[in-house]
Q: 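Structure incoming, see below.
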Amino acid sequence: MLPTRRLGRTGHESSVAILGGAAFARCTAEEAAVGFAAALAAGVNHLDIAPQYGEAQRNVGPLLTSEVRSDLFVACKTLRKNADGVRAQLEESLTLLQCERFDLYQLHAVTDLDELDARASAAEAILRARDEGLTRFVGVTGHNVTTPATQAEALRRYDLDTVMFPVYPRVWADPDYRRDAEALLELCAARDVGVMAIKAAAARPWTVAAGERHSTTWYEPHTTADAVRAGVSFVLSTPGVQAFCTPGDLDVLGLALDAAAAFEPLDDEARRAAMAAAAGEDLIFPIPA
């Protein structure tokens, strides 16, 4: 079974592998049911999902029976800026996922200070939703090299419970990114904010035509057991990180779950070697239009 770690002040003992709902964006309901069951059987107790993930909410909603829901920490997100739009989307997600409330609701894809400014009304809306009991906790996510510094500012502006940002060897090899990320991790530790990582299995931007892609992720992921295990081990050995979201591909999902179950911490030398090995790759950011 998967090890667990306390997700900051949420108090949730989260499985170190969080089920990334993007894996269910473009699959059938039957394929989703198989992947979902495999994750639960491995010991996953935390789901991260969003309206932007294609058919994921419709695929997963019927699987969230009352028995499953009682043992599963369910996190959802919004890209909307307008407070009324945020509230409407939150309520729609609750309906689709057959939940009375979420455990965590997040501002999705806040990547820079301009975006953070533009999402001020949205931030207030999710904080109100927490006050009203529609979600137990609130957080912020982001996917770019500017994300750690932006999330540190978000924590200074708002009373957030969690953050989610990229951690993988190539991005950690960038000294500016690592400096900002380590500052964010220090701030999270001081405030007992939960920390979740994304992109553990990221390799590089896609370099082949869309029709030739072997995975459903927007970046090219690692697809061998050894490479995925190396990425997962790097992330879970990063001080201050409690868990990582599994990649948005059903095949890589299985590899990531196996890697999390077999996790053994990397020492500093092994982490430096992983960074050096990845340093020649291009960063996957920004997300392609």
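Values below: all heavy atoms of this structure, side chains included; hydrogens, waters and symmetry mates excluded. Along the sequence shown, residues are numbered consecutively beginning with 1.
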Q: How far apart are the closest heavy atoms of P3 and A260, and which atoms are they?
A: CD-O, 3.8 Å
Q: Is it possible for you to say whether L257 and F24 belong to one hydrophobic cluster, with membership spreading through side-chain heavy-atom contacts below 4.5 Å?
A: yes
Q: Under the 3.5 angstrom rule, does the side chain of R119 hit a backbone N or O of H108 as a donor-acceptor pair?
A: yes
Q: Going by heavy atoms in the side chains, are V252 and V228 under 4.5 Å from each other?
A: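 V252 reaches V228 side chain to side chain.
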Q: State whether E153 and R156 are salt-bridged, where the test is any N-O pair (Lys NZ or Arg NE/NH1/NH2 against Asp/Glu carboxylate O) under 4.0 Å.
A: yes
Q: Within the 4.5 Å heavy-atom criterion, are P166 and Y177 side-chain neighbours or not?
A: yes
Q: Is there side-chain contact between L187 and Q151, with heavy atoms separated by less than 4.5 Å?
A: no
Q: Transitively linked via ILVMFWY side-chain contacts under 4.5 Å: L236 with I18?
A: no
Q: May I ask you to decide if T147's main-chain N or O and N144's side chain share a donor-acceptor pair within less than 3.5 Å?
A: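 Checking the backbone N and O of T147 against the side chain of N144, no donor-acceptor pair under 3.5 Å is found.
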Q: Any ion pair linking R9 and D161 (charged N to carboxylate O, less than 4.0 Å)?
A: yes
Q: Is I126 close to L107 at the side-chain level, that is, under 4.5 Å between some pair of heavy atoms?
A: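 A side-chain contact under 4.5 Å exists here.
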Q: Name all residues meeting the side-chain hydrogen bond (donor to acceptor under 3.5 Å, both in side chains) criterion together with D117; count only those two or more places apart in sequence or in a different chain, and write none if there are none.
A: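 With sequence neighbours excluded, D117 shows a side-chain hydrogen bond (donor to acceptor under 3.5 Å, both in side chains) to R157, given in chain and number order.
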Q: If you define the side chain from C-beta out and look only at heavy atoms, does anything of T10 sit under 4.5 Å from T162?
A: yes
Q: Please confirm whether the backbone N or O of A23 pairs with a side-chain atom of T216, one donor and one acceptor, at under 3.5 Å?
A: no
Q: Do V16 and L255 sit in the same hydrophobic cluster, where Ile, Leu, Val, Met, Phe, Trp and Tyr count as joined when their side-chain heavy atoms come under 4.5 Å apart?
A: yes
Q: Please work out which of the three classes, parallel, tilted or perpendicular, describes the rings of W218 and F285, given edges at 30° and 60°.
A: tilted
Q: Write down the atom of A201, the atom of P247, and the distance for their closest heavy-atom approach.
A: CB-CG, 3.7 Å
Q: N45 vs S15, test: side chain to side chain donor-acceptor pair (under 3.5 Å). Steps then yes/no.
A: CA-CA 6 Å; N45 66 4; S15 51; 3.1 Å; yes
Q: Between R179 and E182 (side chain of the first, backbone of the second, donor and acceptor by atom type, cut-off under 3.5 Å), is there such a pair?
A: no
Q: Please find the pair of heavy atoms, one from S215 and one from T223, that lie closest to each other, and give the distance.
A: OG-CG2, 3.9 Å
Q: Keeping Q242 on the side-chain end and V195 on the backbone end, is there a donor-acceptor pair under 3.5 Å?
A: yes
Q: Should the pair R229-D258 be classified as a salt bridge under the 4.0 Å nitrogen-to-oxygen rule?
A: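 No salt bridge links R229 with D258.
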Q: Is atom CD of E186 surrounded by more than 12 heavy atoms (other residues, nucleotides or ligands) closer than 6.0 Å?
A: no
Q: Using a 3.5 Å distance criterion without hydrogens, assess whether the side chain of Q57 forms a donor-acceptor pair with backbone atoms of I49.
A: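 No, the answer is negative, given that no donor and acceptor are paired below the 3.5 Å cut-off.
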Q: Side chains of P51 and E92, heavy atoms from C-beta outward: is any pair under 4.5 Å?
A: no
Q: Quick one: sort the H12 and F73 rings into parallel, tilted or perpendicular, breaks at 30° and 60°.
A: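 Rings of H12 and F73: parallel, as their planes differ by under 30°.
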Q: If you look at every heavy atom in N59 and C27, which pair is closest and at what distance?
A: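 Minimum heavy-atom separation between N59 and C27: ND2-O, 3.3 Å.
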Q: Compare every heavy atom of Y168 with every heavy atom of K199, then report the nearest pair and how far apart it is.
A: O-CB, 3.2 Å
Q: Can you check whether A203's main-chain N or O pairs, donor with acceptor, with E220's side chain at less than 3.5 Å?
A: no
Q: Determine yes or no for a side-chain-to-main-chain donor-acceptor pair under 3.5 angstrom, with S233 supplying the side chain and A230 the backbone.
A: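 Flag not set: sc S233 to bb A230 has no pair under 3.5 Å.
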Q: Is R58 reaching over with its side chain to a backbone N or O of L96, donor-acceptor style, under 3.5 angstrom?
A: no
Q: Is any side-chain heavy atom of F244 closer than 4.5 Å to a side-chain heavy atom of T238?
A: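 They are not in contact (no side-chain heavy atoms under 4.5 Å apart), so the answer is no.
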Q: Is the closest basic N to carboxylate O distance between R128 and E124 below 4.0 Å?
A: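 Salt bridge absent between R128 and E124.
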Q: For the backbone of L155 and the side chain of R191, can you confirm whether one donor and one acceptor N or O come within less than 3.5 Å of each other?
A: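 Yes; at least one donor-acceptor contact below 3.5 Å.
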Q: State, yes or no, whether a side-chain contact exists between L79 and Q52 at a heavy-atom distance under 4.5 Å.
A: yes
Q: Take atom CZ in R26; do more than 12 heavy atoms of anything else shown fall under 6.0 Å from it?
A: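 Check fails, neighbour count at 12 or below.
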Q: More than 12 heavy atoms of other residues, nucleotides or ligands under 6.0 Å from CD of E132: yes or no?
A: yes
Q: Are V145 and L185 connected, step by step, through hydrophobic side chains (Ile, Leu, Val, Met, Phe, Trp, Tyr) whose heavy atoms are closer than 4.5 Å?
A: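 Same cluster: V145 reaches L185 through Ile, Leu, Val, Met, Phe, Trp or Tyr contacts under 4.5 Å.
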Q: For the residue pair Y105 and V86, what are the closest heavy atoms and their distance?
A: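 Looks like OH-O, 4.1 Å.
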